Structure formats: structure tokens, C-alpha cells
**Q** 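Below are the C-alpha cells for one structure; questions will follow.
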There are 4 protein chains.
Amino acid sequence: MSVEEKDSQQPAPKKGRGQSGSVSRRLILDVAAAMFSAQGFTETSMREIAAKAGMRAPSVYYHFTSKEQILSEILSIAIRSTNLAVRESVERLPADAAPRRKIEAAVGAHVRSLHRNIHYTATSVRYQGQVPQEVALNVRADRETYADYWQQLLAEAAASGDLSPTINRQFLQPLILGSMNHTINWYDAGRGNLEELILTVLALFKGMWPHQDR
Amino acid sequence: MSVEEKDSQQPAPKKGRGQSGSVSRRLILDVAAAMFSAQGFTETSMREIAAKAGMRAPSVYYHFTSKEQILSEILSIAIRSTNLAVRESVERLPADAAPRRKIEAAVGAHVRSLHRNIHYTATSVRYQGQVPQEVALNVRADRETYADYWQQLLAEAAASGDLSPTINRQFLQPLILGSMNHTINWYDAGRGNLEELILTVLALFKGMWPHQDR
Amino acid sequence: MSVEEKDSQQPAPKKGRGQSGSVSRRLILDVAAAMFSAQGFTETSMREIAAKAGMRAPSVYYHFTSKEQILSEILSIAIRSTNLAVRESVERLPADAAPRRKIEAAVGAHVRSLHRNIHYTATSVRYQGQVPQEVALNVRADRETYADYWQQLLAEAAASGDLSPTINRQFLQPLILGSMNHTINWYDAGRGNLEELILTVLALFKGMWPHQDR
Amino acid sequence: MSVEEKDSQQPAPKKGRGQSGSVSRRLILDVAAAMFSAQGFTETSMREIAAKAGMRAPSVYYHFTSKEQILSEILSIAIRSTNLAVRESVERLPADAAPRRKIEAAVGAHVRSLHRNIHYTATSVRYQGQVPQEVALNVRADRETYADYWQQLLAEAAASGDLSPTINRQFLQPLILGSMNHTINWYDAGRGNLEELILTVLALFKGMWPHQDR
DNA sequence: AATGAATGAGCCTTCATTCAT
DNA sequence: CATGAATGAAGGCTCATTCAT
């Protein structure tokens, strides 16, 4: 339920606290992410979050200035952790790996990250562009950074000839990411095999590559 | 913004004040669908809906018994109209058309229906499985009918050998539909060409078909 | 459910109508009395009354100018019919009957009237002095007329020596009437014998009469 | 206006703002009892209750979960306090007191309790069996306990021969209690003498006792 | 770090009533 | 006589948030 993200961009509440805020802080985020993804943001009350975190509503305000800040942080964590996982997975390939292989690695890492931090990422996917103004501003930069990385991968593939020229590149990235993101709505980790899901996605997407292999 | 759906369960009124009648009813649905898809269900108040429909909140209750009933009806209309459009498009093919052609026709019709009734369908997609209990019950039947139709198309394709055997059929339908549905989150009708979007989807999905054509 | 009261003090709605207003009018009163006594005045809506009377709410306004007028008329009918029944029963005695016998006759008639027109009288008892200002004014006169009649019976009994002098006459009338009126809260016509109830009341009240008989 | 009842199911708060604590709770009950008995339950709004208690409506919900819970608690307090007062008064008699004396003591205690906590008991009497389902369930047990106690007193009197055999015992208890309860509708503490009211009640009810004394 | 108590804002809904037809 | 449609008023209740302790 928790996430590997370590640093928090909020200034530490009061007294110097080494790394990232109290345990309560992370607990609140975890609890809130679980509830936001299950019931929605507005449908989850601060009292409910507090109760599940073992405290009363006013206590939450010691750690966060508002409900929206909680959402904002969840979204950031979701996007950043996926961003990080995808980059690491691509960089783990040999330096001269084919662009196609890089994209396939990215697909795998993206799906895996999605379902590893399901509460965070589900919240993130659900609230794409529907969040309150203020939250949107905080998160937009992270989203764009991630989108840019994919655009870069696709550009490399196009340049190398790996990418089929019959495909409209303007539509490609949202289609691919959207397709994967949507799996949070139906893929049940308890009843399926995640690696097989990834293989299916890759098989379905074979249309991207003009030079059929195998 | 409106939809081709005809029947309503209210007995058709005669001739109200001015020229109203069931016109108010449809107007409320249109307005509500637009707001639900843009801001969300809970974030939209009955007062707002009423205001945009040119009346006061209590008047809405003359036509609908609750806010949830409005949502329920929007979801039904969305699903039924897409269902209808897809079936018609498939049935318009020659009786002996290849299963693959049927699926391609279905993809086109689904995407077109999605973006033709964007407010209704966006509401529907956004609230997949997150709607209040009571609403879910009303809509479940329609959703299942539609899902069954796709399963049937895929089964035919598998039987005829059109469908690649390397693809996990359990994951196929949600992946395809999810990918298309997700386009409502990013495809902007004002700035793109819908038919080209469809072609891109079909191209991306070529992995489905083992016998590469062209 | 209906009542023997014939004349209504409301001016006949529009066109001359012989005696008392339409059948609908009486039907509405009957239905309203039943609901007021069962659920209370505020808890009964005009829509409910209309529905049980086989019409829609606005139609009720053809017969009555407001919900309060309906209540007002029910209360009047209840009090007047009991008043009438009690007087008739006393006057049916021989002219020289003992005051005690008159009071006993009045007790019997009061209880009988109470339970014959139970919906009307129950409404009346329940809303003793709790009705909206305007309604109270309309009904006060009727109530006082009836109370005066009992005071007169008691005065006669006191004058004749029938009434025990050890009883505070100031408290007697409300105690007697209250005791009888309260029976509408518990006496179930379907499961008891009304005449026996009356006998029990008379037996309980024997304390009134100092000269024990039988 | 207040009542001797002590326990509340809320955990006793520590020390609120100023000197509140459970004080607000009791204040709300007192205020609500006064308004319910004067205007009725439905006719009293939470906003009114709050205003008379010196707060705003939402604050009331900190102490009670619903308007009905307030009613429920008022009814419980009314019935329990009367129950307690009556029992104590009977138990204060010599152990070998005649059943008749016990009943007379009970009558006195009941009437005194009724008019001592007039707002609570008036609410209770007014809403005999007309309260919302959920409230009825909470209070039924208390009511039955009290009714049973009276039945027991009457049974003792019957067994000892104190009670007149010509009186239908099935009707006796509701007649007696109803008569006393009804006094809340007309007896004005400011203008009468409560002990004299009790004596009048006892005198009126002499019919119960076949062996006339004094 | 936490919380008891309170509150402004606002929401969904119901209701008595109106009015043109 | 009756009603379809609409509305001002108000009601019960929830919520995010505050603040003194």
C-alpha cells in the first residue's frame, strides 16, 4: 500500500524531522489513497480518513493543510513513482538497445508500477484533469515530465524506423498509456497474472511495429 | 448533446406551459450529463443543473425522483445508444463478412458513438463501477448485454482463426474497450479527426490478427 | 368514517349546490381525518390526501383554500357532532330526570360519539390547543359551547346535591372529559365492547356521587 | 425543566470550551423538550432548537446523531423518571401497606412527576405510539416496564379484595393512567394546587374501591 | 501531536401553493 | 373540476475547517 517515494516536497511540519515527515503522515496518505480510489475524493470525508488512520479529523490538519493537499500529494507520488520505475527499467537495458525494446520495457514497467501502487495510481488515473484547479497546478509539471519521456521514446523509435509509419504519432502515446491505465478499472491482481497481462498488451500492440518478428 | 434514445418511463405529458412537455426532461438530462462528465456527480448540485436548465431546483423533482435517478438514466442512455450503434454497424455488413471485419466495424462504431454523445458516454465511462448501489443495479443489465455482444464477436473471431492464438482472450475485451473508452479523457473533437483516430486504433491493434494483411 | 354533520360553514365553492358541497369535499375530509389521526397533521401531505381521494394535489384546492382549512373543518365537525349527540342523549331523558342520570347519559353519549367518528374525534383530541393560530380561532367557539354544556350539567348536579361536595369542581370537568378522550389512544373497537367500556368509566367515576347506590 | 436522570451513552467529555462538557447536551434536551411539547416534533426545527440552546444547528449534531435521537432520549427520560418516582413513592410505604394505599401513592407520584418534568412528560404523552418507528423501538421497553409495574399493583389490589370486582380490569389501567396523563393538556401549574388535583383524582376514582371508607 | 466543540456553507429533498390550460 | 408544471420557503443533515486546550 505504501510507496517507495522518499522525499516529500512539503516543508517538515514543525521540528526538524530527518527524512519525510512522521509515520502518521504516510499513514494518512495510504489510507486516503485507498479511500479515494475506492469511493472517490468528494465521497471520502476527512473524518473517515482520520478514523481509518486512528485519529480524529482535526489531527489530520496537523500534517496537511487541507484535503486537497492530500490529494495533490497522492497524485504526485503516483506519477513520480511510475516515472521513476519506467526510467530505471529502460536504463537497465544495454546502452545500444533497440528503441522497440526500450518501449517494451517501458510498457512492462508502467503496468507493473500501476498495479504495485494501485491505490495511488488508481486515484491518479481517476482524477486525470478533473481535480480542483489548485491541485492541477501542483501536478501538471510531473505529468508533463512523464509524458515527455514517452514522447522521447517514441521519437527515437520513429527515427530508427522501428515505429510503423502508418500510425498517427499524435494519437499513439495517449492511446498506449490510456489503454494501460484503464487496466486499473478491471484487472484484479488477485485473480490474474500480471506478467501475462503485460504480454497480452505487448501482443495486442504489435501493430506498432511494421517489421513483424517471430 | 442529445441522444437518439426515444422511450421514457414517465407517461408522456400533454401540453404544459409554453411548449414544454417531455422537453424539460430531456433538457435536464443533457445538462446533467454535461456537468457530470465535466465536474463529476457529487460535485454537481441539483441547483446547478436546474439553473442551466432554466428552472429552480425543486422543479427538477417534478421530472425525476432523485439526483441518482438522473445519473441512472444518463448511464442507461449512454450504454444503450452505444450498444445500438455498434450492433447496427455490424449488421450493416454482408452476412458472410469475416469476423475480423465485424470487429473492426464495431471498433469504429464504438469510438464514433463515444464521441457523438460525449457527455453521456463520458459520464458512463467515468462512473464504471463507482456509482451508488441503487444506480448500479439499474444499469448492470445494460452493461452486461453490451459486454456479451463483444464477447460473442471475439468468440466468432477465435473460432474462425482470425484471432491470434498467442493473445490471452480473457484480457482482450477489457483491453480493447478500455483503450477506446479512455480516449474520452484526451481526444479533443475540436482539434482532431475522428476517423483518423479510429484508423490509428485499428493499426495499433493489428497485433490481434496473426495473418498480417497488406 | 363519515359523519352525520350536514351543513358546512364554508360558502359553497361556486355554483349553487343544494346542501353541503360535493361528494369530493366530504371524501377529502374523511381521508384527511383518517390520515391526520393516524400520522399527524404536519406528517400528512396534501399530495397524500389527494392521492387517497383519487385526485392530484391542486384539485384539493378547488374544495378547500388551504390545508389548515381542512383541519379546521375536521375539528369543527368532531366537536359539533359530539356536542349534538350528547345533548340529544340528555334530552331524550324524562324532563325530571336526576342530574346524575343526565351526566351518566352524557358520559355514554360522549364515549360513543368519540368512537363512532374516531378519525375526526381523534384528530380533535390530538390537536387540543396545538393547532395553528388561525385554526384555533375558528374552533374555539365550538369547544367552549361544548364545555359550557358540561359545566351546566355539573352545576345542576351540584345544586341538587347529587355531586359530592368533597370534589373540587374546578378540576372535575377536564378530568372526566380528559379521561374519556384519552380512550381514543388505547381503546381498540375491534377488540373490546364499547358499552362495557362505558360501564367501566361510570363505575370508576362513582367517587363523584356521595350517596352510594346499589 | 431538567431531570434527575444521570447516565448518557456518550463518553463524558473532559473540559470543552468555557465550561461546557455534557452541559450542552442536557441543555439541548431541555430546550427540545420544551419546544416539542409546545409545538410538536415536526413543527420544531433543529435550527430553532439550536438557537434556543445558544448555538447553530450543526453543533447540535455534535451531541446527537439525529433529531429523532433527541426525541428518543426525551421520551426515555420522561418514562424512566416517572417510573422511578412512582416506585420510590410506593416503596416508601410500610412493607405491609394495603394495596389500595400503594395505588393511591402511585397516583400521587405519577401526577407529581408528570407536572414536575412537564416538558419531558408532555412530549412523552403527546407522542404515545405516534413516534417514528426507530424511536418507538428504543422506548418500547421502558414503557412496558412501567405499564407492568401498574399491572402488578392492580393485581395485588385485586388479589387482596381491595379492588371492586364490578370493574373490568382490562380497562382499568389505561383509564387511570390516561386520565392522569391528560391533565398535562389543561392543568396549569401556575394557577392551581397540584396536591388538590391529586386529591380530586383520588376522590373521582373512589369507584374502584367497593368498601367505602370515611 | 492531538482533540472536543463548534460553525459557515451548502446539499438533497419535501411541501404547500399557484397558475395557465 | 382537474391537472401539468413550477416555485419560494424551509428542513434535516454533512462537511471541511477552526481554535482553544
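All of these numbers come straight from a predicted model, not from anything done at the bench. So that the names make sense, note that chain A is the first sequence line, chain B the second, and so on, each numbered from 1. Note: hydrogens, waters and symmetry copies are ignored here, and every other heavy atom, side chains too, is used.
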**Q** May I ask you to verify if any side-chain N or O of D/Ser59 is less than 4.0 angstrom from the OP1 or OP2 atom of E/dA5?
**A**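 Result: no.
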**Q** Hey, does the Lys NZ or Arg CZ of C/Arg25 hover above the aromatic six-ring of C/Phe64, less than 6.0 Å from the centre and inside 45° of the axis?
**A**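 Positive - C/Arg25 is close enough to the ring of C/Phe64 and near enough to its axis.
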**Q** Let me know the distance between OH of D/Tyr62 and C1' of F/dG12, rounded to the nearest Å.
**A**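 Whole-Å distance recorded here is 20 Å.
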**Q** Using heavy atoms to find the nearest nucleotide of DNA chain E for D/Val60 and C/Thr65 separately, return the residue whose nucleotide is more 5′.
**A**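 Nearest-nucleotide comparison on DNA chain E picks D/Val60.
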**Q** Indicate, yes or no, whether a donor-acceptor pair under 3.5 Å links the base of F/dG12 to the side chain of D/Arg47.
**A**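 Check passes, donor-acceptor contact within cut-off.
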**Q** Starting at atom OH of C/Tyr61, determine the distance to atom P of E/dC15, rounded to an integer number of angstrom.
**A**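 Atom-to-atom, C/Tyr61 to E/dC15, this comes out as 12 Å.
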**Q** Report the distance from atom NZ of B/Lys67 to atom P of E/dC11, rounded to the nearest whole Å.
**A**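 Rounding to the nearest Å, NZ of B/Lys67 and P of E/dC11 are 9 Å apart.
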**Q** For a quick test of reading the model: is some side-chain N or O of B/His63 closer than 4.0 Å to OP1 or OP2 of F/dG4?
**A**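 It does not, given that no N or O in the side chain of B/His63 lies less than 4.0 Å from OP1 or OP2 of F/dG4.
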**Q** Please state how far atom CZ in B/Phe41 lies from atom C1' in E/dC12, giving the value in whole angstrom units.
**A**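 It is 10 Å, rounded to the nearest whole Å.
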**Q** Distance check needed: E/dT13 P versus B/Ile49 CD1, whole Å only.
**A**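 In whole Å, E/dT13 P and B/Ile49 CD1 are 10 Å from each other.
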**Q** Name the residue closer to the 5' end of DNA chain F, choosing between C/Ser24 and B/Ala57 according to the nucleotide with the nearest heavy atom.
**A**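 Of the two residues, C/Ser24 wins.
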**Q** Choosing from F/dA9, F/dA5, F/dC19, which nucleotide comes nearest the side chain of B/Pro58?
**A**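 In terms of side-chain proximity for B/Pro58, the closest of F/dA9, F/dA5, F/dC19 is F/dA9.
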**Q** Nearest whole angstrom, please: distance from the P of E/dG4 to the CE of A/Met46.
**A**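 It is 16 Å, rounded to the nearest whole Å.
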**Q** Strictly by Watson-Crick or wobble contacts shorter than 3.5 Å, is anything paired with F/dT21, and which nucleotide is it?
**A**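 F/dT21 is paired, partner E/dA2.
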**Q** Of all the nucleotides listed (F/dT7, F/dT3, E/dA16), which has the minimum atom distance to the side chain of B/Met55?
**A**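 Looking only at side-chain atoms, B/Met55 lies closest to F/dT7.
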**Q** Roughly, in whole Å, what's the span from CZ in B/Phe64 to P in F/dA5?
**A**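 For the pair B/Phe64 CZ and F/dA5 P, the rounded distance is 12 Å.
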**Q** In whole angstroms, how far is the P atom of E/dA16 from the CD atom of C/Glu43?
**A**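 Checked: the CD to P distance equals 11 Å.
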**Q** Among F/dT14, E/dA5, E/dA1, which is the nearest nucleotide to the side chain of A/Ser22?
**A**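 Per side-chain heavy atoms of A/Ser22, the pick is E/dA1.
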**Q** Counting only heavy atoms not in D/Glu134 (residues, nucleotides, ligands), do more than 12 fall under 6.0 Å from its CD?
**A**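 Not buried by this count: 12 neighbours or fewer within 6.0 Å.
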**Q** Of B/Ser66 and D/Arg56, whose closest DNA chain E nucleotide lies nearer the 5' terminus?
**A**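 Comparing both residues, the 5'-ward one is D/Arg56.
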**Q** Could you give the distance from OG (D/Ser124) to CG (D/Leu71), rounded to the nearest 0.5 Å?
**A**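 The CG atom of D/Leu71 is 9.0 Å from OG of D/Ser124, to the nearest 0.5 Å.
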**Q** Mark yes or no for whether A/Lys52, through its side chain, and A/Arg47, through its backbone, hold a donor-acceptor pair below 3.5 Å.
**A**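 Between the backbone of A/Arg47 and the side chain of A/Lys52 there is no qualifying donor-acceptor contact (under 3.5 Å).
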**Q** Scan A/Thr44 against the nucleic acid and name what it touches under 4.0 Å (heavy atoms): base, sugar-phosphate only, or nothing.
**A**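 The residue A/Thr44 makes sugar-phosphate contact but no base contact.
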**Q** When all nucleic acid strands are considered with a 4.0 Å heavy-atom cut-off, which category describes B/Ser45: base, sugar-phosphate, or nothing?
**A**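 Contact class for B/Ser45: sugar-phosphate only.
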**Q** Side chains of B/Ser72 and B/Val139: does their closest heavy-atom pair fall under 4.5 Å?
**A**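 Yes. Closest side-chain heavy atoms under 4.5 Å.
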